[in-house]
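All chains are named by letter (A, B, ...) in the order of the sequence lines, taking the proteins before the strands, and each is independently numbered beginning at 1. Source: prediction; values computed, not measured.
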Amino acid sequence: MLAGVVQKGELEWEVPIGFVPGMRVPGKFYLSARLEEILEEGAVRQLANVATLPGILCCSLAMPDIHWGYGFPIGGVAAFDLTEGVISPGGVGFDINCGVRLLATPLGQRDVAGRRDLIDAMYQAVPTGVGAKSSLRMDAKTLDGMMMKGARYAVEAGYGLPGDLVRCEENGFMKAADVKAVSGKARQRGVPQGGTLGSGNHFLEIQVVREIYDPEAAKAFGLAEGQVCCMIHCGSRGLGHQVCTDHIKILEESTRKYHIRLPDRQLACAPIGSPEGTAYFGAMAASANYAWANRQVITHAARNVFKKLFRIPHEEIPLIYDVAHNVAKIEEHTVDKKKRMVCVHRKGATRAFGPGCPDIPADLSSIGQPVIIPGSMGTPSFVLKGTRGAMEKTFGSTCHGAGRVMSRSQAKKKISGKEIAESLARQGIYVRAPNEAAISDEAPDVYKPSSEVVRVVHEAGISRLVARLDPVGVIKG
DNA sequence: ATGTGC
């Protein structure tokens with residue numbers, strides 16, 4: 001471990017005040033011995049840098065999938081006081097409301113075994129890849145609808161079931177959305193991309209529930225062993241990316257205007273209540289809503305495929321839950337034994353609200369929020385539940401997935417897409433992608449092992465394992 | 001992540 005970092009428990013580490021100059025609170029992160037081997041020094045420094053920001057509460061946090069990001073580490077969680085604190089695009093990331101949702105089908109493993117046509121049909125139904133274009137009739141009005149009302153807009157337009165909304169974090173949209181704070185350029189990029197999957201680690205996967213760790217929670221969530229599920233992982237595409245780019249530029253100015261001293265200019269930020277901070281928050285919320293609408297439209301396309309191939313009505317394919325893992329939100333938390341509203345940044349971290357929280361579906365109140373953790377291509381995904389431990393220790397947050405250990409360019413040089421596809425095929429996993437590079441970029445070994453990341457959050461008690469899902473087919477960008 | 005790299 002880096003000099004100066006202190007082990008506080010088997011899986012808990014502290015970066016003391018003074019590790020970098022100007023820290024207002026300590027840093028804290030979760031890590032096992034195995035993950036320690038691939039920990040980047042730069043990511044720990046970034047965690048400490050975040051602790052210098054005005055109004056930060058308690059500590060600068062990181063989950064076991066911590067890695068180096070823009071300004072803030074990916075896997076980072078930071079909460080700020082609403083009057084003294086700041087908001088920063090670096091604390092959310094470029095892919096605003098990148099997130100993941102899980103659909104359960106009434107099918108069993110035998111129904112989909114060898115059914116390459118299921119994956120082929122999904123690949124036809126969902127626009128996939130870097131420049132993927134929408135199959136919707138998108139215009140300025142549709143875009144506004146998606147940005148203002150998110151998944152609700154999509155459901156009202158016929159892309160989904162009313163019951164889907166209560167199964168989304170925030171019920172599928174943030175009211176704070178401000179379309180006026182979204183630039184013309186961002187809008188231009190958003191219009192043709194409504195309902196598209198994108199590229200990189202984004203995917204649509206057919207999975208089978210292979211192991212249940214918590215029968216009571218699995219039953220309450222609607223999951224059973226052997227059940228076929230469909231997982232959708234995507235974000236806000238070029239729109240969110242442009243919003244982030246635009247507002248970083250604006251907030252670099254505000255940093256000077258409000259005399260905020262930063263150890264790294266990538267932490268560009270503004271007071272939460274300032275005009276610039278409010279504009280970023282509004283544009284970020286609009287992008288988050290666009291991403292929720294995206295996942296909702298893709299959900300509808302996936303249900304159509306199951307209906308066509310297996311004659312299953314949409315109503316028999318419920319949404320288990322939809323989580324955001326790149327977003328900032330105003331939430332109520334207990335700080336120094338007092339309840340208060342704070343601004344929580346989660347960047348590559350998932351909300352994991354525990355039992356009794358008013359923001360989770362009423363029928364799951366005694367269990368905790370479903371948490372969905374996608375694996376990397378060809379590796380298992382996990383369903384967990386939120387805990388009281390998360391409420392006490394991490395502002396109701398847990399990990400988001402695997403986290404890269406190798407850059408895209410490295411991966412391309414080292415690994416052939418064709419060989420990976422063949423190796424996955426031998427494991428019974430059928431992959432469809434627009435080109436070979438899309439596969440080599442996202443090869444299983446360019447990621448940290450998701451099972452180890454999940455084990456750490458489970459044992460640390462900031463969420464608890466419910467089920468493991470193994471992939472049988474995947475479409476990716 | 002991204003009309004992929006000032």
Steps toward side-chain contact (heavy atoms from CB on, under 4.5 Å) verdict (A/Phe72, A/Leu267)
CA-CA 7 Å; A/Phe72 289 55; A/Leu267 297 172; 3.5 Å; yes

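In this entry the distance linking CZ of A/Arg237 with P of B/dT2 reads 5 Å, nearest Å. In this structure, A/Arg404 places its CZ atom 17 Å from P of B/dT4, rounding to the nearest Å. Spacing between atom CG of A/Asn435 and atom P of B/dT4 amounts to 13 Å, rounded to whole angstrom units. Between the C1' atom of B/dT2 and the CG atom of A/Asn97 lies a distance of 16 Å, rounded to the nearest Å. In this structure, CG of A/Asp441 is placed 14 Å from C1' of B/dG5, rounded to the nearest angstrom. Atom C1' of nucleotide B/dT2 and atom CD of A/Gln193 are separated by 9 Å, given to the nearest angstrom. Here B/dT4 presents its P atom at 16 Å from NE2 of A/His202, a figure rounded to the nearest Å. Rounded to whole Å, atom P of B/dT2 lies 19 Å from atom NE2 of A/His247.
By the side chain to side chain contact (heavy atoms under 4.5 Å, CB included) test, A/Ser183 pairs with A/Lys185, A/Ala186, A/Gln242, A/Asp246, sequence neighbours left out. Every residue was checked against the side chain to side chain donor-acceptor pair (under 3.5 Å) condition with A/Tyr70, not counting sequence neighbours, and none meets it.
Using a 4.0 Å heavy-atom cutoff across all strands shown, A/Gly238 reaches sugar-phosphate atoms only and no base atom. Using a 4.0 Å heavy-atom criterion, one finds that A/Lys133 contacts no nucleic acid atom at all. Residue contacts for A/Gly235: at a heavy-atom cut-off of 4.0 Å it reaches no nucleic acid atom on any strand shown. Using a 4.0 Å heavy-atom cutoff across all strands shown, A/Gln188 reaches no nucleic acid atom at all.
Residue A/Thr245 has no polar side-chain atom (N or O) positioned under 4.0 Å from OP1 or OP2 of B/dT2.
Considering only heavy atoms from C-beta on, A/Tyr258 stays 4.5 Å or farther from A/Val86 through its side chain.
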